[in-house]
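The figures here come from the full heavy-atom set of this structure, side chains too, leaving out hydrogens, waters and symmetry mates. As the structure lists them, so they are numbered: ligands from 1, and atoms in each ligand from 1.
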Amino acid sequence: MKVLVIGSGAREHALVRALRADPEVEALWCAPGNAGIASDIPVLEVDPLDGAAVAALAAGLHADLVVIGPEGPLVAGVADTVRAGGLACFGPSAAAARIEGSKAFAKEVMACAAVPTAMAHICQSAQEVATALDAFGPPYVVKDDGLAAGKGVLVTTDRSAALAHAAGCERVLVEEFLDGPEVSLFAVCDGRTVLPLAPAQDFKRAGDGDTGPNTGGMGAYSPLPWLPAGLVAEVTDSVLVPTVEELRHRGTPFVGLLYAGLALTSRGVRVVEFNARFGDPETQVVLARLLSPLGRLLHAAATGRLDELEPPRWSPDSAVTVVLAAQGYPGNPRTGDKITGLDEVRAPAYVLHAGTRRDSDGSLVSAGGRVLSVTATGADLAAARQAVHAALSCLTLPGSHYRRDIALQAARGQVRLPGRATDS
Ligand code: AMP
Ligand code: GLY
C-alpha cells in the first residue's frame with residue numbers, strides 16, 4: 001500500500017511513525033511535513049488547503065490512500081476533491097467535518113441524535129451573551145463558533161472577561177460549565193461502522209496545575225487507569241454510534257476519525273466538543289500503544305470495509321507525551337530559535353516534531369508554537385513520565401516552556417471523578 005499523509009505537525013509525525021511500522025505500507029510520503037518527518041520519509045511541497053493540488057500530488061504518486069491530518073483542509077473540502085479524483089481518502093467530507101468546523105452545528109447534530117452535551121445558548125449580540133451568562137452563572141464558558149486551534153474557548157469566573165472574549169467573536173456559544181475530568185476518545189469510522197481507539201487524556205491549559213490560557217494541547221497520556229470499566233462501551237453506544245448514524249442519515253457520512261472530547265461530570269458523561277480528525281497531542285500516545293497495523297485500519301475506513309477488521313490491539317504499556325512549546329505560545333510564539341540535544345535522547349523516549357524546520361545552515365530551528373512532542377512508553381505512567389523528562393532534560397530551545405505535571409495525578413492515583421467512587 002502507498003500512503004500520502006497531509007499535514008505538518010506532531011500528529012502527522014506520529015501517524016508517519018506508525019505507518020512506517022506497518023509492513024503493508026510499502027511507500028510513504030508526507031506533504032508538506034516538517035524537519036523531523038523529512039528525516040524519516042520523503043516530504044513533498046503542497047498547500048494542504050488546495051484540494052486540487054493535493055489530489056494531483058496523490059494521483060501522481062499512485063497513492064492507494066491519502067490521510068488528511070489537520071482540520072483546516074477537511075473543513076475546506078480537500079477530502080471531497082481527493083475522493084472525486086477516485087482515490088481512497090481517510091478524512092471526512094466538508095459537510096461531515098462541520099461537526100468540528102461549527103460548534104453550533106455540532107450542538108444541532110447532538111440534539112437530533114440525543115447525545116449528552118453541555119446546555120448552550122448560541123448568541124449573536126452582547127445582550128444575548130449577557131443574558132446567557134447570567135442564566136448559567138459562573139464559572140462562565142464562552143466559545144467562538146468557528147475553528148480556533150483550541151484557543152477560542154474561555155472558561156472564567158470573571159464576567160467582564162467573559163463578555164470581552166465574546167465581543168471578539170462573530171458568533172459565540174455560552175455554555176453550562178462541566179465539572180469532572182476530561183477524556184479524549186477517538187473512533188475510526190467508515191461512515192457506518194465505528195471502531196473506538198484507546199482513550200487518552202489531554203492537558204489543554206498552558207501551565208502546571210491547569211493554569212493559564214487554553215492551548216492546542218500541552219501533553220497527553222494513555223491508558224487512563226482511573227477510567228470506570230465500561231466507559232468506552234458506554235460512550236460508543238451513547239455518543240459515537242448515534243452521531244455517526246445521524247450524519248449518515250443526513251446523507252453526509254463520516255469517514256475518518258471522529259474525536260469525542262468528553263467530560264465525566266457528576267451527572268454523567270457529556271460531550272465537550274467533537275473534532276473531525278486525530279487529536280494532537282493525544283495521537284502521539286494512542287499510536288504509541290497501537291499494536292495492529294495502522295495502514296490497514298485507515299484504508300479499511302476509507303474504503304467502507306471496517307466491519308471486516310478485528311478491533312485494534314493495544315500494548316499494556318503506558319505512553320506519555322509532553323509538548324515543548326516556543327516562548328510566547330499560545331499567544332505570539334517566537335520562531336527561528338535553535339533546537340539542540342536531539343541526538344542525546346535515548347529509547348524508550350523519542351521526539352516527534354511539530355513546528356520545526358531546517359535553517360539555511362542546516363541547523364534545526366523552531367517554526368511554530370508547539371515545537372516538539374517528546375514521547376515515551378513504559379511499564380506504567382510513572383516510568384513513561386520519567387523517560388519523557390529524561391529526554392526533555394537533554395533538549396534546549398531558548399525561551400521554551402513545557403508542563404511538568406502531565407500524567408502526574410494519574411500516576412499517583414489522584415484523579416477524582418465527581419460523584420463516583422474510585423478504587424485508586
Ligand atoms: P473545546 O474547544 O470546546 O474543546 O474547549 C477547549 C477546552 O475548554 C476543553 O477541553 C475544556 O477544558 C474547556 N471547556 C470547554 N467547554 C467547557 C465546559 N462547558 N465546561 C468546562 N470546561 C469547558
Ligand atoms: N488536543 C486537542 C485537539 O486536538 O483538539
With sequence neighbours excluded, residues passing side-chain contact (heavy atoms from CB on, under 4.5 Å) with D337 | R334, S366, L397, P398
Under 4.0 Å from a heavy atom of [X]: give me the atoms of ligand 2 that qualify, with their elements.
X    : answer
E282 : 1 (N), 2 (C)
G279 : 4 (O)
N275 : 3 (C), 5 (O)

Would you mind running through ligand 1 and noting each atom that sits below 4.0 Å from a heavy atom of F177?
-> 20 (N), 21 (C)
Could you list the atoms of ligand 1 found under 4.0 angstrom from a heavy atom of K143?
-> 3 (O), 15 (C), 16 (N)
[X] side chain to [Y] backbone, donor-acceptor under 3.5 Å:
X    : Y    : answer
D208 : R404 : yes
D158 : S160 : yes
H121 : V172 : no
R370 : G216 : yes

Which is closest to [atom] by heavy-atom distance: [options]?
atom                    : options                : answer
atom 12 (O) of ligand 1 : E273, E182, E176, M119 : E182
atom 2 (O) of ligand 1  : R205, K204, E100, K103 : K103
atom 18 (C) of ligand 1 : V141, V272, T265       : V141
atom 23 (C) of ligand 1 : V155, D210, T215       : V155

Counting only heavy atoms, which portion of D202 has something under 4.0 Å from ligand 1: side chain, backbone, both, or neither?
-> neither
Specify side chain, backbone, both or neither for L178, according to which of its non-hydrogen atoms lie closer than 4.0 Å to ligand 1.
-> both
For K204 and ligand 2, does the shortest N/O to N/O distance drop below 3.5 Å?
-> no
Min N/O separation E273 to ligand 2 under 3.5 Å | no
Using 4.0 Å as the upper bound for N to carboxylate O, is an ion pair formed by E175 and K103?
-> no
So is R270 close enough to ligand 1, meaning a heavy atom under 4.0 angstrom away?
-> no
Taken in chain and number order and not counting sequence neighbours, the residues that satisfy side chain to side chain donor-acceptor pair (under 3.5 Å) with D210 are R403
Does A118, backbone or side chain, put an N or O under 3.5 Å from an N or O of ligand 1?
-> no
Does at least one non-hydrogen atom of F278 fall below 4.0 angstrom from an atom of ligand 2?
-> no
Answer yes or no for G261: is there a heavy-atom contact with ligand 2 below 4.0 Å?
-> no
Step by step, would you call D134 with R159 a salt bridge (Lys or Arg N to Asp or Glu O under 4.0 Å)?
-> CA-CA 9 Å; D134 294 336; R159 189 172 178 279; 2.8 Å; yes
Heavy-atom distances under 4.0 Å are what count here, so tell me which part of R277 touches ligand 2: side chain, backbone, both or neither.
-> side chain
Apply side-chain hydrogen bond (donor to acceptor under 3.5 Å, both in side chains) to Q284 and T375, showing your working.
-> CA-CA 7 Å; Q284 289 85 302; T375 309; 6.0 Å; no
Looking at F203, is R205 sitting on its ring face, NZ or CZ under 6.0 Å from the six-membered ring centre and within 45 degrees of the normal?
-> no
When you measure from the centre of the six-membered ring of F278, is the NZ or CZ of R11 under 6.0 Å away and within 45° of the axis?
-> no
